[in-house]
Amino acid sequence: MKAFTYEKARTPADAAAAAARVPGAKFVAGGTNLLDLMKLEIETPAHLVDINGLALDTIEATPDGGLRIGALVRNTDLAADARVRRDYGVLSRALVAGASGQLRNMATTAGNLLQRTRCPYFYDTNQPCNKRVPGSGCSALGGYSRQHAVVGVSDACIATHPSDMAVAMRVLDATVETTQPGGAARRIPIADFYRLPGNTPHIETVLAPGELITAVTLPKPLGGRHVYRKVRDRASYAFALVSVAAVVQRDGAGRLALGGVAHMPWRVEAAEASLPRGAQATAAQLLAGARTTPENAYKLPLAERTLAAVLEQARS
Amino acid sequence: MTPHPDLNLSRRELLLSGAATVACGTLDVAQAQPAAPASPTLAKVSLKVNGREHGLELDTRTTLLDALREHLHLTGTKKGCDQGQCGACTVIVNGRRINSCLTLAVMQQGASVTTIEGLGTPQALHPMQAAFVRHDGYQCGYCTPGQICSAVAVLDEIKAGVPSHVSADLNAAPQLSAAELRERMSGNICRCGAYSNIVDAITEVAGKPA
């Protein structure tokens with residue numbers, strides 16, 4: 001691990017200012033992803049701004065009937081919150097489908113959104129990777145690509161976003177709240193938060209350098225049946241090959257997003273009009289324009305079948 | 001693996017050449033990013049471990065795991081993968097189980113840490129330790145301290161109503177079933193495969209017949 005200097009921030013504005021002031025600074029909260037990447041020297045911050053002391057660890061009701069989730073609320077606490085379990089079941093389900101009990105006790109809401117990909121070539125510092133070393137090439141395109149993205153891909157990167165929580169947040173139309181280095185606040189709809197890889201796969205979100213996530217807000221509850229179904233290589237503690245987050249109403253209308261198939265949680269609102277017509281019609285629209293490799297082409301029928309299972313579960 | 005006839009490198013030479021490859025591969029990034037501090041940064045850290053206060057001066061890079069093992073010489077907590085995948089380093093911090101390899105000691109300033117040494121002693125075993133012995137919940141024993149710390153915390157999590165991936169009803173109190181215990185213990189890997197005996201041990205401590 002590269003040496004770094006360290007400070008504990010006292011307020012969100014101080015944290016954002018510190019991160020903008022010191023070149024190569026990074027925020028650390030749970031650290032479950034960052035520390036791992038620092039050991040491998042994939043992340044090499046010269047300065048760490050520890051934000052765990054900021055009072056951003058509560059979940060509060062909003063005036064419009066939703067919830068405001070502090071950036072530092074741990075995944076365990078978010079999944080276990082009685083309001084989340086009752087009104088946003090898809091979020092609770094997505095959280096407990098991810099990682100392990102130990103990791104969920106450390107991992108935070110904001111950190112979960114900002115997880116880096118688990119592409120094996122991103123992790124392998126002996127191989128080219130445009131996300132790790134911009135311009136060096138993509139080893140996954142000609143390599144082992146079974147876990148990789150099938151929609152929204154580019155010639156520069158076919159990595160997936162690893163989060164389960166973010167897929168539920170996308171279905172729930174969450175909003176990411178931030179503090180910028182100058183102290184100004186910003187609200188970013190989750191639909192606009194992530195970027196497709198394009199030619200700059202190393203830039204994963206629209207956050208500016210030093211911009212600190214302070215909270216994630218949820219609109220008022222949608223009602224309906226909440227389902228999160230994750231397909232993976234083992235029954236627990238593995239990343240998704242394909243996952244489906246869905247909120248389905250009694251009349252068959254609803255909304256859904258996929259995990260494990262793209263550089264971001266994958267939602268196509270236009271495809272949701274097809275939900276009452278079933279999984280096949282919906283999946284066809286949702287995955288239109290897919291670009292697969294021989295190794296990950298299985299994800300297209302798998303996504304359709306997983307969606308069919310989710311719709312059946314929602315009807316039951 | 002058969003050595004390549006033309007490549008008669010010693011292990012040391014091989015490691016050096018590997019390091020050079022890595023250095024070349026990441027040169028762009030190293031140039032693009034500000035240099036790390038020239039010398040290691042030290043920080044004062046106080047930790048309450050198993051009820052005892054300790055003041056340490058540590059390199060900021062020191063994980064909680066390394067602080068426990070290398071500085072406080074509490075070697076009961078094990079280093080397995082050192083990347084959060086195996087659970088051998090599980091300890092209880094401020095009442096919650098975490099992977100001590102994935103947090104910096106300096107981030108845990110003032111924290112209260114319980115390791116396997118703090119749960120019980122050879123003379124007075126913690127009920128979970130005694131149950132692991134009774135049910136043969138281990139073979140080589142390397143993952144056992146992490147398994148036991150995890151298991152103690154799992155029962156607290158169930159009591160607190162934390163749901164799991166296999167909880168049928170999110171709004172009901174979680175059950176103490178074998179399926180629940182297996183799911184909740186999935187962050188602790190046992191390569192000897194003592195899983196079924198581990199579930200029996202935890203079930204006994206939880207007060208249900210195995």
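The part of A/Asn52 that comes within reach of chain B is its side chain, from C-beta onward, which places non-hydrogen atoms under 4.5 angstrom from that chain. Interface residue B/Thr63: only side-chain heavy atoms are found under 4.5 Å from chain A. Neither the backbone nor the side chain of A/Leu34 comes within less than 4.5 Å of any heavy atom of chain B. Contacts of B/Asp82 with chain A are made by both backbone and side-chain atoms, with heavy-atom separations under 4.5 Å. At a 4.5 Å heavy-atom cutoff, the contact between A/Lys2 and chain B is made by backbone and side-chain atoms alike. Looking at A/Lys230, there are no atoms closer than 4.5 Å to chain B (heavy atoms on both sides), in backbone or side chain. Neither the backbone nor the side chain of B/Asn94 comes within contact range of chain A; no heavy atom of the residue lies under 4.5 Å from a heavy atom of that chain. Heavy atoms of A/Ala29 lying under 4.5 Å from chain B belong exclusively to its backbone. For B/Thr60, the parts lying near chain A are the backbone and the side chain together; criterion is any non-hydrogen pair under 4.5 Å.
For a heavy-atom cut-off of 4.5 Å, chain A lies close to B/Arg96, B/Arg97, B/Ile98, B/Asn99, B/Cys101, B/Leu102, B/Thr103, B/Leu104, B/Val106, B/Met107, B/Gln109 in residues 96-110 of chain B.
A salt bridge between A/Arg132 and A/Asp124 is absent, with no side-chain N of the basic residue lying under 4.0 Å from a carboxylate O of the acidic one. Salt bridge present: A/Arg116 and A/Glu204 bring a charged side-chain N and a carboxylate O closer than 4.0 Å. A salt bridge links B/Asp66 with B/Lys79: at least one charged nitrogen is closer than 4.0 Å to a carboxylate oxygen.
Remark: A/Arg234 is positioned above the aromatic ring of A/Tyr237, its terminal NZ or CZ atom under 6.0 angstrom from the ring centre and at most 45 degrees off the axis.
No side-chain donor from either of A/Glu43 and A/Asn33 sits under 3.5 Å from a side-chain acceptor of the other.
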